[in-house]
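What follows is a set of notes on a single structure, which appears directly below.
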Amino acid sequence: MKLKKLFSKKTLRKTAAVGLAAMTMLGSFSGCGKKNDGDSTEGGGSTGGNDSSRPAVTLTVFSERANYSGMQEGWMAKILKDKFNVELNIVPNGEGVFDTRMESGNLGDIVVFGSENDYMQARDSGLLFDWEEDNILQDYGSYIVEHMPYALEKNRNMSDDGKIYGLGYEVATNSNDLQSFFYTWDIRWDLYAELGYPEVNTMDDLVEVFKQMKEICPTDENGKETYAASLWPDWDGDMVMYVKSTATAYYGYDEFGIGLYDPSTGEFHGALDEGSPYLEMLEFYHKLYMNDLLDPDSMTTTYDTMIQKVKSSGTFFSIFNYAGCLAYNTPDHMADGKMMRSLTPKNASPIVYGLSVLGSNNYWAIGANAEYPEVCMEVINYFCTPEGRMTMEYGPKGVTWDYDEDGNTYFTELGKKTNSDGSTVLEGNGFSGTFKDGQCQINMITWSLDASNPDSNGETYNDENWKSNQTDALCDVDQDWRDHTGCTTTNEYMLSGNYVVSPGSDYVMPAKSDELKTTWAQVTKCIRENSWKAIYAESDAEYTKIVNGMKAQAKGYGYQECWDWTNEQAKARKAAEDAASN
């Protein structure tokens, strides 16, 4: 203990880095002449490579995006253990968790931010590691250095000191490409077909369709009452997430500050403005509740509970693919003639996001107090390699997916099962447990799903577009959807209708002043709490009273100040987007 006091924290880091590098080098020499198939360096950086001489390290990962607490388990845990002799302890965000960790001065080893403001606050408070200190980025993140230079430069330009403290997610290889749609308006197509394909132009038309669906399907597979939708509050931010997201899905307006931003015009629509898209969708969900079409547990349920209701046929509809078709369309459901497919109201113009080589506004970072920043960088670098990105998404290479002799990506027979049903057990190759149990619980990506995968034959990471998956209809319901829409994939269908492109740019929303933060917290809490109350109002009169009270209360807290600040930022964002397109 006395010896440690002779060294600064920076010196200790250097000593740890040298020691780790030396141990890795010794392991490399001891393995000369014997190739280990698990030792792929995948384009740069030390990977450790299943070397028992390398010191075991447990990294604390504080992830604002995580829905899980505890040690990473399953197949991902085995892969990281084999490659780096690393275990991950996942710490999710929650009420007051970020502030508490900020006050302690220790955010963790790897830090994942779901909020740009939190990232900048942590950076400006000196709680993030400079990636170029001790040459950590160059030595242990060489794939990132070589293949994500623009995203790194964006991060450097975000910092007043010109240093790199993190990496944005959803990085693209080409800024002219679009993401696949995830506001896909999924609906129980089998029920819709049974009703005779009634026309859906507006949100009110949807309500009428849902009423008829409940008449022909009043209970789910467990005998419980069905609903059009089940919401969850876990992901609420400045507004109720599902309400603002429905406005995004319908009008193509992106969530922005205390309201919604129109990428086409740059116009800002405040959440509580008269006739705002947010209030319009708030009334829609109140209407669902009044017609027994909204899960009454929505205000108190969790994402995991909600998704189980979706999987048991408890809902008819989701604006999101991940809470709709991706969760519902299992082999068993399709064999039973049940399937969720897209049905966009004709008057809707869903948003689709343009890809950006700069990355987007959630960030990978390393905590300033990380004892082994070089190991943190190795892990992040691995996730940025094609194999790492594919593994995060689909499981172990050679077990659930691989490339054919022409470089085309394909699922193995086991991979077809794990991709459609997360409860599938992985067997062989030293893996065990279900696919879902082994998924990376950090809940964060590196490359955009629709970015090009350089290890493939010109394909992207998105399995929907792989040559091997361009198959015949999966079942009779799927064929009926194809016949009715004239499309074979969801993305093809979405591109055939109206949509709004939100282009990528180098715009970054600046940090708020301490005074504005206080005002903002009061106003947004008022919006969230009263929005839920309004949804559950027992009459239209009570709904109107709650909404009017919310407006008055928020005004008293300083809504206009928050609106003015966001409106100015909307102008700056529009200018950046216009510049990026020229």
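Just so it is clear, the structure is predicted and the values come from calculations on it, not from any experiment.
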Let me see the working for Tyr328 and His333 under ring-ring contact (aromatic ring centres under 6.0 Å, His included), right down to the final yes or no. CA-CA 7 Å; Tyr328 186 75; His333 280 149; 4.0 Å; yes
Looking at residues at least two apart in the chain, or sitting in another chain, which of them share a salt bridge (Lys or Arg N to Asp or Glu O under 4.0 Å) with Asp297? Lys309
Restricting to pairs with a member in residues 489-501, which pass side chain to side chain donor-acceptor pair (under 3.5 Å), not counting sequence neighbours? Arg341-Thr490, Thr488-Glu492
Criterion side chain to side chain contact (heavy atoms under 4.5 Å, CB included) on Thr248 and Leu260, from CA distance to verdict: CA-CA 8 Å; Thr248 298; Leu260 295 143; 3.6 Å; yes
Tell me, please, which residues at least two apart from Tyr119 pass ring pair (Phe, Tyr, Trp, His ring centres under 6.0 Å). Phe113, Tyr363
If the condition is salt bridge (Lys or Arg N to Asp or Glu O under 4.0 Å), which residues does Lys214 pass it with, not counting sequence neighbours? Glu225
Tell me the closest heavy-atom pair linking Trp364 and Thr446, and the distance in Å. NE1-CG2, 3.6 Å
For a quick test of reading the model, state the closest non-hydrogen atom pair linking Glu464 to Gln470 and the distance between them. O-NE2, 2.8 Å
Quick one: list whatever passes salt bridge (Lys or Arg N to Asp or Glu O under 4.0 Å) with Glu538, sequence neighbours left out. none
Between Phe268 and Phe256, how do the two ring planes meet: parallel, tilted or perpendicular, split at 30° and 60°? perpendicular
Residues, nucleotides or ligands: over 12 heavy atoms within 6.0 Å of Asn174 CG: yes
Given salt bridge (charged side-chain N to carboxylate O under 4.0 Å, His left out), test Arg389 with Glu393 step by step and report yes or no. CA-CA 6 Å; Arg389 179 65 182 92; Glu393 196 73 31; 2.8 Å; yes
Residues which pass side chain to side chain donor-acceptor pair (under 3.5 Å) with Glu267, listed by chain and number, not counting sequence neighbours: none
When you look at Val61 and Val91, which way does the side chain to side chain contact (heavy atoms under 4.5 Å, CB included) test go after all the steps? CA-CA 6 Å; Val61 183; Val91 179; over 6 Å; no
Name the one of Trp532, Trp235, Phe320 that satisfies ring pair (Phe, Tyr, Trp, His ring centres under 6.0 Å) with Tyr242? Phe320
Show your working on side chain to side chain contact (heavy atoms under 4.5 Å, CB included) between Asp463 and Tyr410 and close with a plain yes or no. CA-CA 8 Å; Asp463 67 289; Tyr410 69 91; over 6 Å; no
